[in-house]
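These notes concern the structure reproduced below.
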Protein chains: 2
Amino acid sequence: MTDINFSTAAGDPDSKGSDAAGRANELRWDIIELLFFAYRDFVGDADHELEAFGFGRAHHRVMHFVHRYPGLKVADLLDVLRITKQSLGRVLKQLLDEGYIVQKTGNNDRRQRLLYATPKGETLVAKLAGLQTDRINRAVQEIDPAGQEAVRQFLRAMIDRDDPDKVLETIFGSSKKPRE
Amino acid sequence: MTDINFSTAAGDPDSKGSDAAGRANELRWDIIELLFFAYRDFVGDADHELEAFGFGRAHHRVMHFVHRYPGLKVADLLDVLRITKQSLGRVLKQLLDEGYIVQKTGNNDRRQRLLYATPKGETLVAKLAGLQTDRINRAVQEIDPAGQEAVRQFLRAMIDRDDPDKVLETIFGSSKKPRE
DNA sequence: AATTTATGTCAGTCATGTTGACATATCTTG
DNA sequence: CAAGATATGTCAACATGACTGACATAAATT
């Protein structure tokens, strides 16, 4: 062992996957790195726009899921975002105060505050999704349908399924698309 | 429940891409969401392990790139991570103090501090990469080689190429299309 | 009536990001 | 060589978004 070793480094838990191309036992530095850069630039699109509103990533995530799953409960949102009540409370309060989201008391359970995006909120979330959609469209434009399906399959398979929250149940449970 | 509209929200910037499957003009909520969950769980693997070392994501990113690009300058690292000197300084100092990284004075330019991972650092970074590689292997195991290449192509195409830092030059510069 | 649940809120802490200023060593240039 | 530019390190101060733990309220459940 010289000083720098990386292909057979200690703690290699391999064993699990040996893919069709036969590169088992190898650390996937390339994908790891691509994921970092891809996600960095992907969220960067929205981050820049959010500054103009005085919002951050946390606001975006809340808006996104409230928009996509109208009537989401606060507790569901906590599961999805995997943050604490305290952290959510801050951004949610801002979004409520500034009219991007409204709460409605649950019909069956009046303790629940069901969350809905207002038109103002819809506009914001669509604007941000538009930026990200542009990037996605650019990225897939030279990939054939089968390849695009592979991308989708890959992303789905990267997600933990042992503790599906309400949103993931919708995504995976029906195995189709949540909306549309 | 007639006050909430979500499918025809304003500000739709569309127009940019019309992919082969003919779903132009549509926001790609599915991919946006899958990216969120996939990345959340992907980095979650490492986050959990890092706790045992008293480190965070920032430390991981530094270790990763120093390992992958031995002799990286501090300035390069700042470009790649897109954080400030101050932020980097804090985590870098810890990693140096605790022996995960060493600095060497540049040969040509003695102002430079070239960064290298120590064996201790290599072990850590390989352990983390192992966890993430397991997830990636699991995700691609049912995807054929062509599909896997599509995944790689997708991730590469998601990355900004207008301001390539030293690392991105290495990733993209040597390969096919610099900017097409 | 007592307990549990869903939500909201307070106080304090931590990690990681920011800006701006400044110090030092070293390289480059007039 | 002197002057300036560059690479790095460091200080103070601050913002955001996480965290914990405690506690309050209203409503549902037992």
Side-chain angles (χ1 to χ4, degrees), chain A residues 36 40 43-44 46-48 50-66 71-97 101-116 165-166, chain B residues 36 39-40 43-44 46-64 66 71-98 101-116 165-166:
Chain A
F36 168 78
R40 180 193 69 174
V43 297
D47 284 350
H48 184 258
L50 284 160
E51 275 181 37
F53 293 82
F55 289 154
R57 251 177 237 186
H59 302 85
H60 184 195
R61 293 195 287 252
V62 170
M63 284 304 310
H64 171 90
F65 286 108
V66 168
L72 209 60
K73 289 186 299 179
V74 169
D76 294 330
L77 210 38
L78 290 175
D79 282 348
V80 172
L81 301 181
R82 294 208 184 148
I83 58 175
T84 55
K85 206 175 9 169
Q86 185 60 270
S87 288
L88 176 59
R90 260 187 313 241
V91 300
L92 191 52
K93 189 170 191 310
Q94 275 184 273
L95 292 170
L96 288 165
D97 289 349
I101 284 179
V102 288
Q103 290 180 322
K104 291 190 186 179
T105 300
N107 291 325
N108 305 327
D109 188 334
R110 290 171 41 79
R111 290 171 304 180
Q112 297 175 348
R113 302 299 149 82
L114 309 184
L115 303 171
Y116 298 88
D165 49 57
K166 191 185 170 187
Chain B
F36 168 78
Y39 196 77
R40 179 192 71 173
V43 297
D47 285 350
H48 184 258
E49 186 65 30
L50 283 160
E51 275 180 38
F53 293 82
F55 289 154
R57 252 177 236 185
H59 302 84
H60 184 194
R61 292 194 288 251
V62 170
M63 283 305 311
H64 170 90
V66 168
L72 209 60
K73 290 186 298 179
V74 169
D76 294 329
L77 210 37
L78 290 174
D79 283 348
V80 172
L81 302 181
R82 294 207 185 148
I83 58 176
T84 56
K85 205 173 14 168
Q86 186 62 269
S87 285
L88 176 59
R90 262 188 309 241
V91 300
L92 190 52
K93 192 170 189 309
Q94 277 184 273
L95 292 169
L96 288 165
D97 288 349
E98 301 185 30
I101 284 179
V102 287
Q103 290 180 323
K104 291 187 187 179
T105 301
N107 291 324
N108 304 327
D109 189 335
R110 290 171 43 79
R111 290 171 303 181
Q112 298 174 348
R113 302 297 149 84
L114 310 183
L115 303 171
Y116 298 88
D165 49 57
K166 192 186 169 186

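- We find that CG of Leu92(A) is positioned 13 Å from C1' of dA6(C), with the value rounded to whole Å.
- The separation between Asp47(A) atom CG and dT16(D) atom P is 14 Å, rounded to whole Å.
- Between the NZ atom of Lys73(B) and the P atom of dG9(D) there is a distance of 13 Å, given to the nearest Å.
- Regarding Arg111(A), its CZ atom lies at a distance of 5 Å from the C1' atom of dA6(C), rounded to whole Å.
- In this entry the distance linking CZ of Arg40(B) with P of dA18(D) reads 13 Å, nearest Å.
- Nearest heavy atoms, Leu78(A) versus Leu88(A): CD2-CD2, 3.4 Å.
- Of all heavy-atom pairs between Leu95(B) and His59(B), the closest is CD1-O, 3.9 Å.
- Note on Gln103(A): a side-chain N or O is less than 4.0 Å away from OP1 or OP2 of dG8(C).
- Whole-Å rounding puts the Leu114(A) CG to dA27(D) P distance at 14 Å.
- Here the closest heavy-atom approach between residue Val62(B) and residue Ile101(B) is recorded as CG1-CD1, 3.8 Å.
- Residue Asn108(B) is classed as a sugar-phosphate contact, given heavy-atom separations below 4.0 Å to backbone atoms only.
- A salt bridge links Asp47(A) with Arg57(A); the closest basic N to acidic carboxylate O contact falls under 4.0 Å.
- Nucleotides of DNA chain D nearest to Leu96(B) and Asp109(A) differ in position, and the one nearer the 5' end is that of Leu96(B).
- The base of dT26(C) lies outside donor-acceptor range of the side chain of Arg110(B), with no N or O pair under 3.5 Å.
- Put simply, the side chain of Arg113(A) and the base of dT7(C) share no donor and acceptor less than 3.5 Å apart.
- At the phosphate of dT6(D), neither OP1 nor OP2 sits under 4.0 Å from any side-chain N or O atom of Gln112(B).
- Distance CG (Leu78(B)) to P (dT6(D)): 16 Å, rounded to an integer number of Å.
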Using a cut-off of 4.0 Å between protein heavy atoms and nucleotide atoms, how would you tag nucleotides 12-24 of chain C 5' to 3' with B, S and -? ----BBBBB----
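- Not one N or O on the side chain of Arg82(A) forms a donor-acceptor pair closer than 3.5 Å with the backbone of Arg40(B).
- Closest heavy-atom contact between Gly56(B) and Leu50(B): O-CD1, 3.5 Å.
- If you take NE2 of His60(A) and C1' of dG17(D), they are 16 Å apart, rounded to a whole angstrom.
- Listed here is the closest heavy atom pair of Glu49(B) and Phe53(B): O-CD1, 3.4 Å.
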